[in-house]
Amino acid sequence: MDFLSVNRTLMIATYLFLAFFIANHTITGATKPIGVCNGRIADNLPSEQDVVSFYTMNGIGKMRIYDPNQATLQALRGTNIELILGVPNGDLQSLTTPSTANNWVQNNIVAFSPAVNFRYIAVGNEVEPSDPASQYVLPAMQNIYNALVSTNLGGEIKVSTSVSASLLAQSYPPSAGSFGATSSTYMTPIVSFLATTGAPLLVNVYPYFAYIGDPQNIRLDFALFTAQGTVFQDGALAYQNLFDAIVDAFYSALEAAGGANVEIVVSETGWPSTGEAAATVDNASTYYKNLINHVNDGTPKKPGKAMETYLFSIFDEDQKGPAETERHFGLFSPDKQPKYNNISFS
């Protein structure tokens, strides 16, 4: 091979390497694991088809819905939007019967798969250990999982439940996070199920509620990702925002409950634009923008591990309550007008 041929070969190899490097670093740096919850407790929302089209138009690739709304599932066909499908708390008891769970899976999953890209089934939302429905959560999860396995979908769709920070008996410092005696009785078997099936725990994380619940001890800049430098040190781990502190407290609680291998998906997080203290358009805009820019960084316990996160919610919901803030968590008004400028979901 002559000099020109060798030189040309080296140039081609160099270009191929650069193309591979740029493509991989561009994708890694630009793509954020962000989804948006599609709450529909309102009487003035766009149609389900319009909502799905709106997600696509805005580059939102992940959605959470709270019940198997058939119109939404139909609209999602062929979009490749990844979906968290919820089981309403009121349906949990019926799904403790295996045949009912089988029918639920057939009607709401199999009938739409693979045209709809199901990612997780959230069996119940924020069920408290003291709630009578708590006894039904794990049996319903097991029955839905078994029904998925019987249809060869058990490896593709993960079955979990969505919980709130109220289950943490201790959250500060994050390394001491634990479910506590009451919550442990409820959560430990669930954690064991998640660990066995390889499913994540779905966690609703709201620095806003933590802040308004204890403004004397929690700084607003800590809740909004705007604190300069470390706010507190937990052993070798430095915390600069409350979101990370809550998530890592859950990771510590999972470890204590025997779920060291269980990952966390943030199934809800948001900040209201009006209604109560600190609920302003400026604060909400700051929270969402900083959160979206942060999720690829991981947390101090899981540095560099992108955090799959679902923002709550796509539109304001005028029939929620009783607190006024509950009606103002939307990223958009029901007429599709954005409430915040320059928010990118990808």
Side-chain angles (χ1 to χ4, degrees), residues 28-37 162-168 170-178 200-255 263-273 276-313 325 329 331 340 342-346:
T28 301
T31 302
K32 297 180 178 65
I34 290 292
V36 180
C37 300
S162 188
V163 301
S164 73
S166 65
L167 291 186
L168 292 174
Q170 184 167 347
S171 59
Y172 180 85
S175 61
S178 66
L201 179 64
L202 307 178
V203 180
N204 296 343
V205 178
Y206 282 97
Y208 170 76
F209 289 123
Y211 167 73
I212 65 169
D214 190 10
Q216 298 301 315
N217 294 305
I218 297 177
R219 290 166 30 185
L220 182 59
D221 62 347
F222 188 53
L224 291 175
F225 295 90
T226 57
Q228 299 299 308
T230 299
V231 174
F232 74 86
Q233 194 79 25
D234 183 9
L237 304 181
Y239 286 87
Q240 195 170 343
N241 67 79
L242 183 53
F243 179 89
D244 284 353
I246 295 171
V247 171
D248 278 356
F250 265 102
Y251 270 122
S252 295
L254 284 170
E255 292 168 2
E263 298 295 337
I264 287 173
V265 167
V266 177
S267 47
E268 282 184 19
T269 189
W271 197 286
S273 57
E276 289 183 31
T280 68
V281 170
D282 284 345
N283 284 344
S285 177
T286 297
Y287 179 77
Y288 285 120
K289 289 177 183 177
N290 288 336
L291 170 72
I292 291 169
N293 289 332
H294 175 73
V295 290
N296 270 345
D297 298 337
T299 68
K301 277 181 75 73
K302 304 281 184 176
K305 183 175 180 57
M307 177 68 63
E308 186 174 351
T309 300
Y310 291 75
L311 310 181
F312 186 88
S313 181
T325 48
F329 273 91
L331 293 160
Y340 315 110
N342 302 320
I343 288 182
S344 174
F345 301 99
S346 60

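Residue numbers run from 1 in the order of the sequence given. Computed over heavy atoms, backbone and side chain alike; hydrogens, waters and symmetry mates excluded.
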Identify the two heavy atoms, one from [X] and one from [Y], that lie closest to each other, and give their separation to 0.1 Å.
{"X": "Glu276", "Y": "Thr325", "result": "N-CG2, 3.5 Å"}
{"X": "Val231", "Y": "Gln240", "result": "CG2-O, 4.1 Å"}
{"X": "Met307", "Y": "Thr309", "result": "O-OG1, 2.9 Å"}
{"X": "Ser175", "Y": "Ser252", "result": "CA-OG, 3.4 Å"}
{"X": "Ala306", "Y": "Asn296", "result": "CB-OD1, 3.4 Å"}
{"X": "Pro207", "Y": "Ala223", "result": "CB-O, 3.9 Å"}

Look up atom [atom1] in [X] and atom [atom2] in [Y], then write down how far apart they are to the nearest 0.5 Å.
{"X": "Tyr211", "Y": "Leu220", "atom1": "OH", "atom2": "CG", "result": "4.5 Å"}
{"X": "Leu202", "Y": "Ser164", "atom1": "CG", "atom2": "OG", "result": "12.5 Å"}
{"X": "Asn283", "Y": "Thr226", "atom1": "CG", "atom2": "OG1", "result": "8.5 Å"}
{"X": "Leu311", "Y": "Tyr288", "atom1": "CG", "atom2": "OH", "result": "6.5 Å"}
{"X": "Asp297", "Y": "Lys305", "atom1": "CG", "atom2": "NZ", "result": "14.0 Å"}
{"X": "Leu291", "Y": "Thr286", "atom1": "CG", "atom2": "OG1", "result": "12.0 Å"}

Inset, instruction - Give me the one residue out of Val205, Leu201, Asn204, Val163 that meets side-chain contact (heavy atoms from CB on, under 4.5 Å) with Ser267. - result: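 Exactly one pass, corresponding to Asn204.
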Inset, instruction - May I have the step-by-step check of side chain to side chain contact (heavy atoms under 4.5 Å, CB included) for Phe232 and Tyr172, ending in yes or no? - result: CA-CA 10 Å; Phe232 74 86; Tyr172 180 85; 3.9 Å; yes
Whether the side chain of [X] engages the backbone of [Y] through a donor-acceptor N/O pair (distance < 3.5 Å, no angle test) should be reported.
{"X": "Asn290", "Y": "Leu224", "answer": "yes"}
{"X": "Ser273", "Y": "Thr280", "answer": "no"}
{"X": "Ser285", "Y": "Val281", "answer": "no"}

Legend entry - Heavy-atom check, side chain of Phe250 versus side chain of Pro174, under 4.5 Å: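 No. Closest side-chain heavy atoms not under 4.5 Å.
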Legend entry - Within-4.5 Å side-chain heavy-atom neighbours: Asp244 and Pro300: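 Answer yes - side chains close enough.
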Look at the aromatic rings of [X] and [Y] and report parallel, tilted or perpendicular, splitting at 30° and 60°.
{"X": "Phe225", "Y": "Phe243", "result": "tilted"}
{"X": "Tyr206", "Y": "Phe312", "result": "perpendicular"}
{"X": "Tyr208", "Y": "Phe329", "result": "perpendicular"}

Legend entry - NZ or CZ of Lys302 within 45° of Tyr251 ring axis and under 6.0 Å: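 Positive - Lys302 is close enough to the ring of Tyr251 and near enough to its axis.
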Legend entry - Donor on one side chain, acceptor on other, Asp248 and Tyr239, under 3.5 Å: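 Result is yes, a qualifying pair exists.
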Legend entry - Partner residues of Lys301 under the salt bridge (charged side-chain N to carboxylate O under 4.0 Å, His left out) criterion, sequence neighbours left out: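 Scan of Lys301 (salt bridge (charged side-chain N to carboxylate O under 4.0 Å, His left out), adjacent residues dropped) gives Glu255.
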Inset, instruction - For residues 210-221, pull every pair meeting salt bridge (charged side-chain N to carboxylate O under 4.0 Å, His left out), keeping only residues two or more places apart or in separate chains. - result: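 Qualifying pairs: Arg219-Asp221.
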Inset, instruction - Step by step, work out the side chain to side chain contact (heavy atoms under 4.5 Å, CB included) result for Val265 and Val203. - result: CA-CA 6 Å; Val265 167; Val203 180; over 6 Å; no
Legend entry - Verdict with reasoning, Tyr310 to Val36, per side chain to side chain contact (heavy atoms under 4.5 Å, CB included): CA-CA 5 Å; Tyr310 291 75; Val36 180; over 6 Å; no
